[in-house]
Amino acid sequence: MHDEELLRVENLRTYFNTPEGVVKAVDGVSFSIGKGETLALVGESGCGKTVTSLSLIRLLPNSAQVEADRVMIDGKESLGFSAEQARALRGKTISMIFQEPMTSLNPVYRIDKQLGEVFRLHEPGISKAEVRERSIAILKKVGVPNPAERLRSYPHELSGGLRQRVMIGISLAPNPKVLIADEPTTALDVTIQAQILELLKSLQKDMGMSILLITHDFGVVSQIAHRVAVMYAGKIVEEGKLEEIFEDPWHPYTKLLILSIPGIKVTRGGRLESIAGAVPNPLRFPEGCRFAPRCPYALDICSKEPPPETVIGDRRVSCYLKGGEAK
Ligand code: SF4
């Protein structure tokens, strides 16, 4: 529990009915984020991270069945919201930036039109002059040089880094309390990546928003997160403070993810550690621990019964190697 909690999710389940059976993309996920805090949801692709975030902002197809015991955003229960209420919530309270700005910015409209739409959506009746003034201010805030000029640009006229800055500006225009950043730097080169992460950190400091960072990259996590939740096959398998997770990962999957960061840790032979095998098909999750088929430490019981969650202080882990310790 945080001093001021802006997002609380309890037992989120997002299932898809498919002709082959039920896909349990998110299967009982719980977490919370305090004001001004960044929680990184980390895991390989196909672990359910993006579906978790899309469930929160209600941007999933009709085939998705989203249920939870509780989803509180800025103190309001949001689960039973109508589509209309969810739309109002998106942007003003919770907003999202996506991985590839070229696919989320509309290529046929100039930046002024795309930013203007956001201001008008949340404040119908706002004057043209006010829209322009606020658009320039937000572009300035996200570090776009010559903002008045840039407003006249089409997305393809901007570099990848600038497009991502504009995308962040559009997401922050309604002044959200919670920002979901889904792989916000994956499509960018390392230097621009570092600049965008710095920008997110300084905007967070200014605006006090909470960030849910979705990433597969522990290198990115180490630069921006306060806490880390590691997700595997639809479940959170470990959660703790950034330093604790890095210095002493408890779950074998977390350990292997950290070892796979280029340049951070290598095996004795100097080889980069990678995780053998693949994330299991969500139509046929293994019966016991879902990581058992890939786990180098698996015990007999691991493939028979799912491990219980063990909570120690403000850390939690689901693994038999840490089971049975004080709760
Ligand atoms: Fe490995 Fe067993 Fe722990 Fe699963 S419960 S991560 S298989 S040791």
Side-chain angles (χ1 to χ4, degrees), residues 9-15 22-31 39-52 213-222 225 227-261 264-269 271-327:
V9 177
E10 287 177 16
N11 197 16
L12 178 69
R13 291 147 346 249
T14 305
Y15 298 166
V22 179
V23 168
K24 296 184 172 180
V26 177
D27 198 15
V29 158
S30 303
F31 60 87
L39 173 73
L41 200 52
V42 199
E44 294 159 286
S45 48
C47 281
K49 312 178 304 280
T50 294
V51 177
T52 299
L213 173 78
I214 309 287
T215 183
H216 67 282
D217 185 343
F218 249 112
V220 169
V221 172
S222 67
R227 282 189 306 125
V228 181
V230 180
M231 198 163 173
Y232 188 76
K235 291 183 177 293
I236 290 179
V237 295
E238 175 163 14
E239 190 195 338
K241 289 197 190 94
L242 176 75
E243 310 74 46
E244 294 170 339
I245 295 281
F246 263 92
E247 276 160 30
D248 180 24
W250 288 348
H251 198 283
Y253 182 56
T254 315
K255 275 183 202 163
L256 292 170
L257 280 179
I258 292 174
L259 283 172
S260 67
I261 307 172
I264 291 223
K265 286 178 186 175
V266 289
T267 57
R268 252 186 231 160
R271 227 166 22 89
L272 195 67
E273 192 87 44
S274 67
I275 308 174
V279 176
N281 181 339
L283 282 164
R284 285 179 293 278
F285 280 139
E287 265 182 29
C289 171
R290 291 177 182 180
F291 190 57
R294 303 172 77 188
C295 181
Y297 311 98
L299 312 165
D300 278 351
I301 190 172
C302 298
S303 52
K304 295 187 183 112
E305 293 276 334
E309 184 174 81
T310 301
V311 180
I312 302 173
D314 56 4
R315 287 190 77 174
R316 59 177 165 137
V317 65
S318 299
C319 173
Y320 283 112
L321 299 179
K322 272 283 171 185
E325 296 201 21
K327 287 210 170 193

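Quantities reported herein were computed from a predicted structural model and do not represent experimental measurements. We're numbering straight along the sequence, starting at 1. Counting starts at 1 for both ligands and their atoms, in listed order. Heavy-atom basis, side chains included; hydrogens, waters and symmetry copies ignored.
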Listing, residues 252-259 side-chain donor-acceptor contacts under 3.5 Å, not counting sequence neighbours, or none:
| unit_1 | atom_1 | unit_2 | atom_2 | d |
| --- | --- | --- | --- | --- |
| Tyr253 | OH | Glu44 | N | 2.9 |
| Tyr253 | OH | Glu44 | OE1 | 2.7 |
| Thr254 | OG1 | Glu238 | OE1 | 2.8 |

Does the side chain of Val230 come within less than 4.5 Å of Phe218's, by heavy atoms? yes
I'd like to check the side-chain contact (heavy atoms from CB on, under 4.5 Å) partners of Pro286; sequence neighbours left out, ordered by chain and number. Pro280, Arg290, Pro293
Partner residues of Arg316 under the salt bridge (charged side-chain N to carboxylate O under 4.0 Å, His left out) criterion, sequence neighbours left out: Glu239, Glu309
Under 2.8 Å from atom 1 (Fe) of ligand 1, protein N/O/S atom count? 1
Walk me through it: do Thr52 and Met231 pass the test side chain to side chain contact (heavy atoms under 4.5 Å, CB included)? CA-CA 10 Å; Thr52 299; Met231 198 163 173; 3.4 Å; yes
Please give me the minimum heavy-atom distance between Tyr232 and Val279, naming the atom from each residue. OH-CA, 3.8 Å
